[in-house]
Asks: 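Before anything else, here's the structure in question.
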Protein chains: 2
Amino acid sequence: MAKADFSPIADTTRRAEIVALLRRAILTGQLAPGQKLNELRISEQMRVSRAPLREAMRELVQEGILTSIPYAGTFVIEVTAKDIDDAYSFNKVMDELAIERAWPLRDQRFFDELDRRHEAVKQATRALDTTRQIETALQLHGLIYEWADNSVLLETWQRLTSRLQMYFALHQHARNEPVPAEDVHETYVRLLKGKDMRAAQRHAREHINLDFEELLAYARGLEQRPSRGA
Amino acid sequence: MAKADFSPIADTTRRAEIVALLRRAILTGQLAPGQKLNELRISEQMRVSRAPLREAMRELVQEGILTSIPYAGTFVIEVTAKDIDDAYSFNKVMDELAIERAWPLRDQRFFDELDRRHEAVKQATRALDTTRQIETALQLHGLIYEWADNSVLLETWQRLTSRLQMYFALHQHARNEPVPAEDVHETYVRLLKGKDMRAAQRHAREHINLDFEELLAYARGLEQRPSRGA
DNA sequence: TCTTGTTAGATTGTCGACAATCTGCTTGTC
DNA sequence: GACAAGCAGATTGTCGACAATCTAACAAGA
C-alpha cells in the first residue's frame with residue numbers, strides 16, 4: 001500500500017478565517033495599538049454575522065493581542081516599553097532552554113528545514129517585503145522550538161510570537177526604513193549546525209539583544225509623547 | 001483625602017461566569033479528560049443561550065484545557081504522560097527564572113503574603129479539602145511569579161497553572177487518598193525568606209520533582225490501559 | 001460477507017433581532 | 001456659569017431559530 005501522508009483538512013469555519021484575517025491585520029499594523037474594534041462595522045465589511053466574529057475576537061483576547069472590557073469594547077493591546085522588555089528577558093531564557101533541548105535531536109531534516117527557512121528570509125529581504133521578512137525571521141527562529149520536543153515550550157513560543165511580530169512590525173512601520181541588506185542570520189544558522197552548543201546559546205542571546213535594543217529605544221521614545229490610538 | 005483602594009468591579013457578563021463555572025468543573029475533575037461538551041445540554045442546565053456559552057468555550061480552548069474540532073465538538077483535553085513531563089521540565093526552568101527575578105524585590109509585603117498563602121494551604125490540609133489544597137498550594141507557589149515583575153512570565157505561569165491544577169486533581173481523584181499531614185511547604189517558605197537564592201532555586205526544583213514523579217508514574221500507568229472519556 | 005449509497009437524527013455553525021449598558025449631549029435648576 | 005438629571009444614539013451582550021455538517025444505522029448490490 002502506498003503511503004499517503006495527507007495533511008489535515010483546512011478549517012472551513014468562518015470563525016477560523018476571521019481569526020486569521022484579524023490576526024494578520026493586527027500583526028501587520030493595519031490595526032493600530034489601542035484601536036477599538038467595532039463589531040458591527042467589521043462584521044459588515046467581512047459579510048459575516050457578529051456571532052463568529054465575536055468568537056474569533058474571544059480567541060484573540062486569550063491569545064494576548066486583543067483586550068476586552070465588558071460593555072465598552074475590544075481593543076488592540078497597547079505596547080509599552082516594559083511589555084517589550086518583559087518579552088525580551090523571557091525570550092532569552094526560553095531560547096537557552098529550546099536550544100538545549102533541540103540540540104541532541106538535530107538531524108538531517110533539521111538542517112534542511114533550517115536552510116529552507118533561512119532561504120525564505122533572504123528571499124523576503126531581497127523582495128523588500130518587510131512584513132514577510134519579520135514573519136520568516138520568526139519562523140526561522142521558531143525551528144529550535146519545534147525541534148525541542150516539548151509541547152508547553154512550543155505553545156508558549158507561539159503565543160509569544162504573535163506579540164513579537166506585532167512589536168517588530170510597529171517598529172519597522174515607524175522607521176519606514178529599507179530592510180538591512182546584510183544577512184544577520186548567517187552566523188545563527190552556522191552555529192546551529194556546529195558542535196558548540198554554548199556558543200549557539202550565547203549568539204542567540206546576543207543576536208536577539210541587538211534587535212530588542214532598537215525596539216526598546218523606539219518604544220521608550222513613544223512613551224515620552226503618548227499618542228492616541230485611532 | 002482617604003486612600004480608597006477599591007478592587008475592580010466583578011465581570012457582570014454571563015460569559016465570564018460561564019468561563020469560571022466550566023473551568024472549575026474541568027479543574028476539579030467533574031468533567032473528565034476526553035469528555036465531549038454538549039452545547040445544548042450545558043446551555044439548558046445553566047439557563048443560558050448558546051452564544052455566551054460558545055464564546056466561553058472559545059476562551060477555554062485558547063487557555064489550553066479544551067480542544068475543539070469543527071463540526072465535531074469541543075472536548076476536555078486528554079492528559080498524556082508526555083504532557084505532564086513537558087510541563088514539568090518547562091516549569092523547572094521557569095521557576096529558576098521567577099525566583100531569580102523576584103529575589104531582589106522581596107519586601108515585607110512579600111513575606112506577609114507568603115505567610116498568608118502558606119496558612120491557607122495548611123488550613124485546606126486540616127480541612128481535608130483536597131481540591132482547595134491543590135488550589136492554595138499553586139497560589140503559594142505562584143507568589144514568586146507575581147513578584148517577578150514580568151508580565152509575560154506571570155501570564156505564562158497562569159496558563160500553565162490551569163493544566164497543573166487539572167493534572168494534580170486527576171491524580172488525587174484517582175488515588176483517593178487522604179491528604180499528607182506533614183507540611184511539605186515549610187522548607188520552601190523558609191528558604192524564600194532566607195539569604196541563599198541558589199538554595200531556594202534548588203529546593204524549588206527538587207520539591208516540584210517529587211510531586212511530579214508521582215504524577216508521572218500515575219499517568220504512565222494510565223497509558224497502559226487507556227480509558228475512554230465518558 | 002463486505003462494500004457502498006442513502007437517509008434520519010443529532011449537533012455544531014451562523015444569522016438576524018432584541019435587551020442591557022455605556023457615552024455624550026441637552027436641559028433645567030441653583 | 002456650574003452642576004446634576006435625564007434623554008437619545010450607538011454599541012455590546014444575549015437570545016431563539018435556521019442552515020450546514022457529521023454520525024450511525026440501514027438497505028442494496030457485488
Side-chain angles (χ1 to χ4, degrees), chain A residues 1-2 4 6-23 25-26 31-32 34-63 65-78 228-230, chain B residues 1 6 8-23 25-26 31-32 34-63 65-77 228-230:
Chain A
M1 190 195 290
F6 290 113
S7 60
I9 284 283
D11 286 351
T12 49
T13 63
R14 298 188 196 284
R15 182 182 68 238
E17 295 200 35
I18 297 172
V19 166
L21 269 176
L22 281 182
R23 187 191 287 121
I26 296 167
L31 289 169
Q35 185 168 350
K36 176 172 174 177
L37 278 68
N38 186 311
E39 297 178 1
L40 196 59
R41 200 159 52 76
I42 295 180
S43 69
E44 279 169 356
Q45 286 181 359
M46 290 189 180
R47 304 289 182 83
V48 168
S49 84
R50 285 174 55 221
L53 172 63
R54 282 173 60 86
E55 291 185 18
M57 284 166 117
R58 239 30 79 195
E59 289 192 21
L60 294 176
V61 166
Q62 283 306 104
E63 199 173 306
I65 60 181
L66 289 182
T67 176
S68 162
I69 304 173
Y71 290 107
T74 306
F75 309 82
V76 179
I77 57 163
E78 299 272 4
R228 289 297 88 227
Chain B
M1 191 197 288
F6 290 113
I9 283 281
D11 287 348
T12 50
T13 64
R14 299 190 195 285
R15 182 182 68 239
E17 296 200 34
I18 297 172
V19 166
L21 268 175
L22 280 183
R23 187 190 287 122
I26 297 166
L31 291 169
Q35 184 168 350
K36 177 172 175 178
L37 278 67
N38 186 310
E39 297 179 2
L40 197 59
R41 200 160 52 76
I42 295 179
S43 68
E44 281 170 355
Q45 286 180 0
M46 290 189 180
R47 304 289 183 80
V48 168
S49 84
R50 284 174 53 221
L53 172 63
R54 282 173 60 85
E55 290 185 19
M57 284 166 121
R58 243 25 85 195
E59 290 192 21
L60 294 176
V61 166
Q62 282 307 104
E63 199 174 306
I65 59 182
L66 289 182
T67 176
S68 161
I69 304 174
Y71 290 107
T74 306
F75 309 82
V76 178
I77 57 163
R228 290 295 90 228

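Reminder, nothing fancy here: chain letters follow the sequence lines and each chain counts from 1.
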Asks: Does B:Glu59 reach the side chain of A:Val61, with side-chain heavy atoms less than 4.5 Å apart?
Replies: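 A side-chain contact under 4.5 Å is absent here.
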Asks: If each of B:Ala72 and A:Asn38 is mapped to the nucleotide of DNA chain D with the nearest heavy atom, which maps nearer the 5' terminus, i.e. the 5' end?
Replies: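 Of the two residues, A:Asn38 wins.
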Asks: Go through A:Leu22 and A:Met46 one step at a time and tell me if the side-chain contact (heavy atoms from CB on, under 4.5 Å) criterion holds.
Replies: CA-CA 10 Å; A:Leu22 281 182; A:Met46 290 189 180; 4.1 Å; yes
Asks: For nucleotides 14-19 of chain C, which of its nitrogen or oxygen atoms have a protein nitrogen or oxygen under 3.5 Å away, and what is each distance?
Replies:
unit_1: C:dT14; atom_1: OP1; unit_2: A:Arg14; atom_2: N; d: 2.4
unit_1: C:dT14; atom_1: O3'; unit_2: A:Arg14; atom_2: NE; d: 3.3
unit_1: C:dC15; atom_1: OP1; unit_2: A:Arg14; atom_2: NE; d: 3.4
unit_1: C:dC15; atom_1: OP2; unit_2: A:Ser49; atom_2: N; d: 2.7
unit_1: C:dC15; atom_1: OP2; unit_2: A:Ser49; atom_2: OG; d: 3.0

Asks: With distance as the sole test, does A:Lys36 use its side chain to make a donor-acceptor pair with the main-chain N or O of A:Val76 at under 3.5 Å?
Replies: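 Pair absent, no side-chain N/O of A:Lys36 close to backbone of A:Val76.
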Asks: Mind calculating the distance between CG (A:Leu53) and C1' (D:dT11) to the nearest angstrom?
Replies: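 Value for this atom pair: 13 Å.
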Asks: Please examine the side chains of A:Thr67 and A:Thr74, heavy atoms only from C-beta on, and report whether any two atoms are closer than 4.5 Å.
Replies: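 Counting from C-beta outward, A:Thr74 and A:Thr67 never come under 4.5 Å.
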Asks: Just to be sure I understand the rule, does A:Leu37 reach a base, reach only the sugar-phosphate, or reach nothing, if contact means heavy atoms closer than 4.0 Å?
Replies: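 Sugar-phosphate contact only.
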Asks: Would you mind classifying the nucleic acid contact of A:Ile18 as base, sugar-phosphate or nothing, using non-hydrogen atoms under 4.0 angstrom?
Replies: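 The residue A:Ile18 makes no contact with any strand.
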Asks: For B:Arg15 versus A:Ser68, what's the shortest heavy-atom pair and its separation?
Replies: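 Where B:Arg15 meets A:Ser68 most closely, the heavy atoms are NH2-OG, 4.0 Å.
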Asks: From CE of B:Met57 over to C1' of C:dT12, roughly how many Å is that when rounded to an integer?
Replies: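 It is 10 Å, rounded to the nearest whole Å.
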Asks: Nearest heavy-atom pair of B:Leu37 and B:Met57: which atoms, and what distance?
Replies: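 Shortest heavy-atom contact: CB-CE, 3.3 Å.
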